[in-house]
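Worksheet: the structure to be examined is printed underneath.
The chain is numbered in sequence order, starting from 1. Just so we're clear, the structure is a prediction, and the values are computed from it rather than from any experiment.
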Amino acid sequence: MMNKPKTLYIIGAVNIPDLDAGSLRILQFAEIYKKVFDQIIIAGKGDFKLHSLTKYDGKISLISFHKKDFSSFFDKLQTLLHPEKFFLNDLENLYERYDITHIMVYSVLPKSAVKAIRKFTNAHNIKLFFDVVEFQSLKTQNLSSFVSFYSPNMYINKKGIKNGDSVITISSFLESYFQKKKCNVVRVPFVFDTSKIKVEGKNKNKETLSLIYAGNPRGKKDLLPNVIKGLSLLSESDKSKVKLRVFGISSKDVIKNKYVSKKIINETSKIVEYYGQIDREQIFKYYQESDFSVLLRNPKTRTSRAGFPTKVTESLSNGVPVICNLSSDLNFYLNSKNAVLLDGFLPDEFARKISYVIQMPKEELRKMKLEARKTALESLDVSLYRDNILKIVE
């Protein structure tokens with residue numbers, strides 16, 4: 001055993017290596033954990049050789065237990081309900097080769113998977129800990145999300161994580177919740193290694209206010225419809241001075257999911273551009289051309305209170321201030337220097353603030369961009385949470 005490398009195994013229903021918010025968060029943690037582990041193995045869904053280690057860098061390896069896409073409805077159902085049938089054999093084989101001392105479960109895995117992992121850790125005296133980033137609300141679910149997100153999330157938060165377990169939480173709401181369950185808790189919001197994000201771009205069209213939304217309003221967590229409806233309320237003069245780029249969802253999906261009507265789509269066709277799913281590096285390029293990112297959420301829902309918007313950290317790290325209302329822990333980080341804060345999340349309030357921002361002097365915008373980047377460096381950089389991230393594996 002002494003000759004085997006000390007290893008941290010991380011498992012999550014994420015698209016590896018860095019294809020979604022979850023995998024990005026895991027990689028940020030993995031960089032910190034290199035300090036105390038010889039090897040970090042990240043298990044998730046990925047489009048490379050299944051059930052075989054793939055080197056990511058000197059200390060981080062990836063192992064895909066399933067492709068990103070599904071071959072059939074039954075395959076999807078099996079993966080959502082019983083992913084342990086795909087990864088447990090991998091874990092057992094890896095244990096023979098590596099001294100796995102810790103296992104981290106990222107956020108939502110179903111009941112059967114959590115039970116299988118806990119049984120494995122108990123049998124081999126491995127320390128188990130969790131990273132929890134959400135607490136779903138029932139009223140925002142459809143049938144698919146109820147099965148894939150809501151039910152597993154309810155189990156892992158309420159029963160899967162037990163008294164005395166170690167938990168990393170993304171928000172103060174979750175921090176308080178798990179402290180009441182007598183867990184060992186540290187809070188780490190969504191963070192980036194800001195030094196790796198170079199802020200060099202400039203808005204190419206100085207006369208147009210360039211806005212960006214990068215995400216997916218799935219489950220209506222992000223109120224993108226209110227943003228689009230708000231833009232439709234602008235005067236014709238103001239409409240000619242603003243452009244919104246939407247990444248992560250297409251105009252067809254917006255209509256299909258009944259986020260907004262075809263009428264609203266048509267009314268905003270000259271000012272809203274939909275790009276659908278594109279490479280993250282491309283999105284970062286567009287951040288460099290943007291004046292503001294936009295985000296509206298209902299701050300009273302449990303989903304909003306428990307989560308932390310990935311897109312806010314992304315935006316600030318790219319030196320892009322945010323137009324938003326306050327939800328979650330955003331009041332810890334956003335103010336009038338680095339954001340334009342709304343009094344609510346309704347379309348007319350968004351339209352009112354956009355009309356204000358259109359008139360903003362260029363020098364004021366320049367200062368806000370500097371403040372946005374400064375906030376990322378001083379409050380949301382991964383290095384600032386190094387001690388908390390390491391504390392959980394002590």
Side-chain angles (χ1 to χ4, degrees), residues 9-27 41-54 56 61-94 103-120 131 133-134 136-138 140-157 160 215-222 247-259 274-280 303:
Y9 175 87
I10 303 174
I11 175 72
V14 295
N15 295 318
I16 52 179
D18 56 358
L19 302 177
D20 55 28
S23 58
L24 281 172
R25 180 170 171 87
I26 286 171
L27 281 174
I41 298 173
I42 302 172
K45 295 179 291 182
D47 288 337
F48 39 87
K49 188 177 180 181
L50 294 176
H51 311 297
S52 178
L53 285 182
T54 299
Y56 180 77
S61 295
L62 311 174
I63 186 165
S64 174
F65 62 79
H66 197 280
K67 296 292 185 181
K68 285 193 302 173
D69 297 322
F70 306 101
S71 60
S72 66
F73 175 77
F74 178 75
D75 178 40
K76 181 176 183 179
L77 199 62
Q78 278 283 87
T79 310
L80 292 176
L81 298 180
H82 298 286
E84 74 281 2
K85 293 185 177 181
F86 298 92
F87 71 73
L88 200 55
N89 190 56
D90 292 340
L91 177 56
E92 290 171 348
N93 290 334
L94 289 168
I103 291 179
M104 179 181 119
V105 172
Y106 171 80
S107 199
V108 178
L109 285 179
K111 179 178 179 179
S112 59
V114 175
K115 284 191 169 185
I117 291 170
R118 191 178 288 278
K119 182 179 179 180
F120 186 89
D131 179 33
V133 300
E134 59 189 336
Q136 291 288 320
S137 301
L138 179 59
T140 62
Q141 309 302 317
N142 55 35
L143 180 59
S144 175
S145 65
F146 180 86
V147 173
S148 59
F149 293 111
Y150 180 80
S151 292
N153 185 224
M154 289 305 98
Y155 173 76
I156 200 169
N157 286 2
N216 193 315
R218 186 186 299 111
K220 299 180 180 178
K221 179 172 66 174
D222 294 348
F247 299 95
I249 188 169
S250 66
S251 58
K252 289 182 179 179
D253 288 332
V254 170
I255 296 172
K256 178 183 176 182
N257 290 292
K258 299 181 179 179
Y259 292 138
Y274 299 90
Y275 289 75
Q277 296 282 349
I278 70 168
D279 183 78
R280 184 167 293 273
T303 302

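Ser64 is linked by a side-chain hydrogen bond (donor to acceptor under 3.5 Å, both in side chains) to nothing, counting only residues two or more places apart in sequence or in another chain. Residues satisfying the side-chain contact (heavy atoms from CB on, under 4.5 Å) criterion with Ile156, sequence neighbours excluded, are Val105, Val114, Phe130, Asn153, Ile161. Among residues two or more places apart in sequence or in another chain, the salt bridge (charged side-chain N to carboxylate O under 4.0 Å, His left out) test is passed with Asp18 by none. Checked against ring-ring contact (aromatic ring centres under 6.0 Å, His included), Phe120 has the following partners two or more places apart in sequence or in another chain: Tyr95, His124. When the side-chain hydrogen bond (donor to acceptor under 3.5 Å, both in side chains) test is applied to His51, the partners found at least two apart in sequence or on another chain are Asp90. Partners of Thr79 by side-chain hydrogen bond (donor to acceptor under 3.5 Å, both in side chains), not counting sequence neighbours, listed by chain and number: His66. Not a single side-chain hydrogen bond (donor to acceptor under 3.5 Å, both in side chains) links Ser52 to another residue, sequence neighbours left out. With sequence neighbours excluded, the residues that form a side-chain contact (heavy atoms from CB on, under 4.5 Å) with Ser71 are Asp75. Residues passing the ring-ring contact (aromatic ring centres under 6.0 Å, His included) test with Phe247, sequence neighbours excluded: Tyr275, Tyr286. Remark: Lys67 engages Asp47, Leu50 in a side-chain contact (heavy atoms from CB on, under 4.5 Å) (not counting sequence neighbours). Among residues two or more places apart in sequence or in another chain, the side-chain contact (heavy atoms from CB on, under 4.5 Å) test is passed with Ala113 by Pro83, Glu84, Phe87, Leu109, Pro110.
Between Ile63 and Leu94, the closest side-chain pair of non-hydrogen atoms falls below 4.5 Å. For the pair Tyr56 and Ile16, the minimum side-chain heavy-atom distance is 4.5 Å or more. Looking only at side-chain heavy atoms (C-beta outward), Arg280 and Leu19 stay at 4.5 Å or farther from each other. Using a 4.5 Å heavy-atom cutoff, the side chains of Ile10 and Ile41 are not in contact. Under the 4.5 Å side-chain criterion, counting only non-hydrogen atoms from C-beta, Val108 is in contact with Glu134. Side-chain contact between Phe86 and Gln78: present, with at least one pair of heavy atoms (C-beta onward) separated by less than 4.5 Å. Counting only heavy atoms from C-beta outward, the side chains of Ile26 and Ser23 never approach each other to under 4.5 Å. Contact check for Ile103 versus Leu91: side-chain heavy atoms found under the 4.5 Å cut-off.
In this structure, Asn93 contributes its side chain and Asn89 its backbone to a donor-acceptor pair below 3.5 Å. Of the possible donor and acceptor atoms, none in the side chain of Arg25 sits under 3.5 Å from a partner among the backbone N and O of Tyr106.
Of all heavy-atom pairs spanning Phe48 and Pro17, the tightest one is CE2-CD, 4.5 Å. Nearest heavy-atom pair across Met154 and Gln136 is CE-O, 3.5 Å. Residues Gln277 and Gly248 share a closest heavy-atom pair of NE2-O, 3.3 Å. The heavy-atom pair separating Phe65 from Gly12 by the smallest distance is CE2-O, 3.9 Å.
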**OP:** Decide yes or no on side chain to side chain contact (heavy atoms under 4.5 Å, CB included) for Ile249 and Tyr259, but give the supporting numbers first.
**Re:** CA-CA 11 Å; Ile249 188 169; Tyr259 292 138; 3.5 Å; yes

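Ser112 OG to Lys85 NZ: the interatomic distance, rounded to the nearest 0.5 Å, is 8.0 Å. Considering CD1 of Ile42 and OG of Ser61, their distance stands at 9.0 Å, rounded to 0.5 Å. Separating the CD1 atom in Ile11 from the OG atom in Ser107 is a distance of 12.5 Å, to the nearest 0.5 Å. Rounded to the nearest 0.5 angstrom, Asn216 CG and Asp20 CG are separated by 11.5 Å.
Shown are Val254, Asp253, Ile255; of these, the side chain to side chain contact (heavy atoms under 4.5 Å, CB included) with Asn257 is made only by Asp253.
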